[in-house]
Amino acid sequence: MAKITYYYNTETCNYEPVKVSRKDMIFQLLGFLTISGILAAGLIYVYHTNFRSMKENRLMEDNQKLVLDWQILQEELDAAYQVVEELEYKDDEIYRVILDTEPIPVSVREGGIGGTDRYGEIMREGIPQQNIILHAYQEMDNLKKKLYIQSKSYDHITEILEEKEKMWASRPAIQPISNEELVRIASGWNPKRFNPVLKRVMPHKGIDFTASKGTPIYATGDGVINRSYRSSSYGNVIFLNHGYGYQTRYAHLNKFNVKVGDRVKRGQIIGYVGNTGRSVSDHLHYEVLFKGAHINPINFFQRDLSNEEYEKLVEISQQSHEVLD
Ligand SMILES: [Zn+2]
């Protein structure tokens, strides 16, 4: 039922119903709607500025989780970076020092990455977390570059090692007569030795190993036989070229076990002890040359001698002994 409003008519002295025109009703309705609209808008504004929707809450949570995940990734990246820096340190300060090779120049290791606008796209996107994203990209790029340089460095070190291994295998490093079969060392290195037979100073540029006839003689390093002949002084003699400037000679042999051009390995039997040439008894005269000059073979026996044996050998080789030549 419609609500009827009355008013007191002083002329008729009666209460009479208020008659509202259609126009007034429309104005009242419009006014009501306007106020309601303003109130609703105000409420919506207050709600949106002070409260988040469920969707926004979910997005905020996702965002926080993403930032946390990103921070964890950044920590992982930092750890990987540290590992690579340790590898660089070992490379420069240990491996290259052992191999007697120059470290990689800092300018190569620290060289920048090309392109000034490389990270421009990230900056232009205006992401709120752009600084941590940018930092991670830069660190990842640095890491990739460092790993590439390190990988190339290891390739280089492998090449050097292979070459050094070849050199170490070639360098004279053992006695040409095994200790079990060695009777004694008769004469050592002596550049001013007086030869009582010839009555003049005759340098002895090698070491004489006394052993019975037929005792095996071993190549002291890898190499190629470049001479094997009979000479009046050396008798049956072998010249072994090791490469890298090294050569060894084995004289007064009874028999050869190799011929010119043969490639031999360290420890391979190349001949047998004898008494040929200018020699007074069965023994091996052994010489080492570096770049054409004789050097004391005593420096090349470390590999198969104990410290005690080596010291004894040095002592014997420094004394003057009988002349076997
Ligand atoms: Zn000799």
Side-chain angles (χ1 to χ4, degrees), residues 171-221 223 225-242 246-258 264 266-267 269-305 309-325:
R171 199 170 180 263
I174 60 169
Q175 280 186 173
I177 302 281
S178 76
N179 277 326
E180 291 77 34
E181 288 163 316
L182 179 67
V183 176
R184 65 201 162 95
I185 289 177
S187 289
W189 169 268
N190 189 349
K192 290 177 184 165
R193 189 183 64 169
F194 184 75
N195 188 315
V197 182
L198 299 171
K199 301 214 180 298
R200 60 186 169 96
V201 171
M202 289 257 324
H204 191 241
K205 294 182 173 180
I207 289 183
D208 290 344
F209 294 89
T210 305
S212 57
K213 184 176 173 182
T215 299
I217 297 164
Y218 303 101
T220 54
I225 307 294
N226 63 343
R227 289 190 81 181
S228 121
Y229 67 107
R230 189 179 183 100
S231 111
S232 57
S233 56
Y234 275 140
N236 290 329
V237 62
I238 289 171
F239 286 21
L240 175 52
N241 184 15
H242 300 276
Y246 290 101
Q247 199 184 77
T248 48
R249 293 177 183 174
Y250 309 79
H252 312 303
L253 274 56
N254 178 47
K255 246 181 18 182
F256 298 113
N257 200 39
V258 286
V264 296
R266 177 182 293 140
I269 298 173
I270 53 172
Y272 301 92
V273 170
N275 187 27
T276 56
R278 197 165 62 227
S279 167
V280 296
S281 69
D282 289 323
H283 79 286
L284 168 72
H285 172 90
Y286 174 64
E287 294 177 6
V288 176
L289 292 90
F290 181 64
K291 293 184 177 171
H294 284 84
I295 45 178
N296 191 346
I298 197 81
N299 300 312
F300 296 88
F301 298 148
Q302 292 94 329
R303 195 169 277 204
D304 52 356
L305 294 177
E309 287 170 325
Y310 184 71
E311 276 167 25
K312 181 123 181 92
L313 189 63
V314 172
E315 191 188 314
I316 293 168
S317 71
Q318 282 168 347
Q319 293 163 4
S320 190
H321 307 282
E322 62 189 294
V323 177
L324 299 178
D325 257 21

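Because only heavy atoms are used, hydrogens play no part in the values below, and waters and symmetry mates are left out as well, while side chains stay in. Counting convention: from 1, in listed order, for ligands and their atoms alike. This is a predicted model, so every value here is computed, not measured.
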Checklist outcome for this item: The atom name of the N, O or S atom in Asp208 nearest to the Zn ion (ligand 1) is OD1
Next on the checklist: Can you tell me which N/O/S atom of His285 has the shortest distance to the Zn ion (ligand 1)?
Outcome noted: ND1
Checklist entry - Say you draw a straight line from CG of Leu284 to OG of Ser279; how long is it, rounded to the nearest 0.5 Å? => result 10.0 Å
Checklist outcome for this item: Taken to the nearest 0.5 Å, the spacing of Asp282 CG from Thr210 OG1 works out to 9.5 Å
Next on the checklist: So that I can check it, does any N, O or S atom in His204 come closer than 2.8 Å to the Zn ion (ligand 1)?
Outcome noted: yes
Item to check | For Leu253 against Thr276, the heavy-atom pair lying closest together | outcome: O-OG1, 2.9 Å
Item to check | Option among His252, Arg227, Glu287, His285 that satisfies the side-chain hydrogen bond (donor to acceptor under 3.5 Å, both in side chains) test with Tyr234 | outcome: Glu287
